[in-house]
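One structure below.
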Protein chains: 2
Amino acid sequence: MNESFKALADPTRRQIIRLLREKDRTAGEIADYFRMTKPSISHHLSALKHAGLVQDERKGQFIVYSLNTTVLEEVLGWFLELTGAGNSNEAEPPAAKDQPRGKLQSDKEEI
Amino acid sequence: MNESFKALADPTRRQIIRLLREKDRTAGEIADYFRMTKPSISHHLSALKHAGLVQDERKGQFIVYSLNTTVLEEVLGWFLELTGAGNSNEAEPPAAKDQPRGKLQSDKEEI
DNA sequence: TATATATTTAGACAATTATCTAAATATTGA
DNA sequence: TCAATATTTAGATAATTGTCTAAATATATA
């Protein structure tokens with residue numbers, strides 16, 4: 001989930017997602033939409049893939065990228081849970097004084 | 001919008017949003033949930049504020065932070081448009097060969 | 001007014017990121 | 001098998017980010 005949010009933080013990557021929302025495209029086709037070099041786009045595609053937001057499949061000479069809507073919907077779920085119908089989900093109470101601060105932000109648990 | 005996505009890319013900031021979803025809290029209360037120093041949390045609050053995701057108001061000695069659900073819903077909208085009912089929204093076609101690449105990714109337009 | 005409390009600002013530093021060029025790999029087809 | 005095309009990997013570099021400590025600012029209260 002954290003990887004997804006990080007991947008979505010870049011405007012180029014968000015635009016790639018929008019392009020793939022229309023239809024599957026090859027790396028080269030995607031690169032043609034941007035003023036960036038192909039290696040840079042390849043790097044962005046790699047970040048999206050690492051986050052699970054896209055998949056790739058070689059088709060002969062080409063590599064075709066497609067959207068993984070499941071992961072995208074997971075992120076959507078995060079927002080729905082937050083903005084959605086006024087349900088109460090309490091957070092952890094503050095940590096005790098002597099053990100300075102709370103125990104969130106462990107980088108492991110999903111936030 | 002880009003600032004919102006960037007702000008959401010950090011797990012600490014996402015957790016702050018969840019804390020504020022429950023109720024308004026002072027900077028100190030928020031900081032108590034994390035193992036980070038108060039200046040670091042202040043920095044994160046500043047990023048959230050800059051993105052318009054939270055607001056602050058001084059109350060005497062304290063500064064109370066609250067969620068701006070409007071901006072949060074804008075981001076939610078981005079996902080809904082993407083994942084939602086199968087409407088077709090076409091992207092710009094690829095740029096011509098001689099003017100090397102597309103004209104997206106101008107960093108100005110919202111993506 | 002002096003001191004304590006709450007919070008931010010400033011400045012430093014290490015880690016991460018976005019981008020580039022050059023080179024490597026994979027596939028196709030002559 | 002060789003050359004062309006599609007894409008990625010490697011390595012470099014500048015910019016951005018997340019964190020810290022120390023200092024500054026704002027408010028409350030004795």
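By convention in this document, chain letters (A, B, ...) are assigned in the order of the sequence lines, proteins followed by strands, and residues within each chain are numbered from 1.
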Worksheet item: Which dot-bracket string fits DNA chain C when only Watson-Crick or G-U wobble pairs with both atom distances under 3.5 Å count, crossing pairs get [ ], and | stands for a partner on a different strand?
Response: ||||||||||||||||||||||||||||||
Rounded to whole Å, please give me the gap between [atom1] in [X] and [atom2] in [N].
| X | N | atom1 | atom2 | answer |
| --- | --- | --- | --- | --- |
| B/D10 | C/dT17 | CG | C1' | 14 Å |
| A/M36 | D/dA15 | CE | P | 16 Å |
| A/D32 | D/dA6 | CG | C1' | 11 Å |
| A/K38 | D/dT9 | NZ | P | 16 Å |
| A/K6 | D/dT16 | NZ | C1' | 14 Å |
| B/E3 | D/dT17 | CD | P | 8 Å |
| A/F5 | D/dT17 | CZ | P | 18 Å |

Discussion item. Let's see if you get this right: which residues in residues 39-56 of chain B place a heavy atom under 4.0 Å from DNA chain D?
Written reply: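 Output list: B/P39, B/S40, B/H43, B/H44.
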Quick check: closest heavy atoms across [X] and [Y], and the distance to 0.1 Å?
| X | Y | value |
| --- | --- | --- |
| B/L8 | B/R14 | O-NH1, 2.7 Å |
| B/A31 | B/K38 | CB-CG, 3.8 Å |
| B/K6 | B/R13 | O-NH2, 3.2 Å |
| B/H44 | B/D10 | CE1-OD1, 3.6 Å |
| A/A51 | A/S4 | O-OG, 3.5 Å |
| A/V71 | A/L53 | CG1-CD2, 3.7 Å |

Discussion item. Check the orientation of B/F79 and B/F5. Use parallel for under 30°, tilted for 30 to 60°, and perpendicular for over 60°.
Written reply: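 Correct class here is tilted.
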Discussion item. I want to check a possible cation-pi pair here: A/R25 against A/Y65, using under 6.0 Å from ring centre and within 45° of the ring axis as the test.
Written reply: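 No, A/R25 does not lie over the aromatic ring of A/Y65.
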Item to complete: Answer with base, sugar-phosphate or nothing: what part of the nucleic acid does A/K59 contact at a heavy-atom distance below 4.0 Å?
Response: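 Nothing: the residue A/K59, judged by heavy atoms under 4.0 Å, touches no strand.
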Fill in: N or O in side chain of A/T37 less than 4.0 angstrom from C/dT19 OP1/OP2
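Negative; the distance criterion is not met.
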Discussion item. Is there a side-chain contact between A/Y65 and the phosphate of D/dT8, meaning an N or O under 4.0 Å from OP1 or OP2?
Written reply: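 Answer is yes, contact under 4.0 Å.
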Worksheet entry | B/D24 CG to B/Q55 CD distance, which is reported to the nearest 0.5 Å |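 The CG atom of B/D24 sits 9.0 Å away from the CD atom of B/Q55.
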Worksheet item: Mind checking whether A/T83 and B/T69 have side chains closer than 4.5 Å, heavy atoms only?
Response: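 Contact flag for A/T83/B/T69 side chains = no.
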Distances under 3.5 Å only, N/O to N/O: pair up the protein atoms with those of nucleotides 1-6 of chain C.
residue, atom, partner, partner atom, Å
C/dT5, O2, B/Q61, NE2, 2.9

Practice prompt. Before accepting this row, confirm whether a basic side-chain N of the pair B/R18/A/E81 lies closer than 4.0 Å to the acidic partner's carboxylate O.
Written response: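 A salt bridge is present here (some side-chain N lies under 4.0 Å from a carboxylate O).
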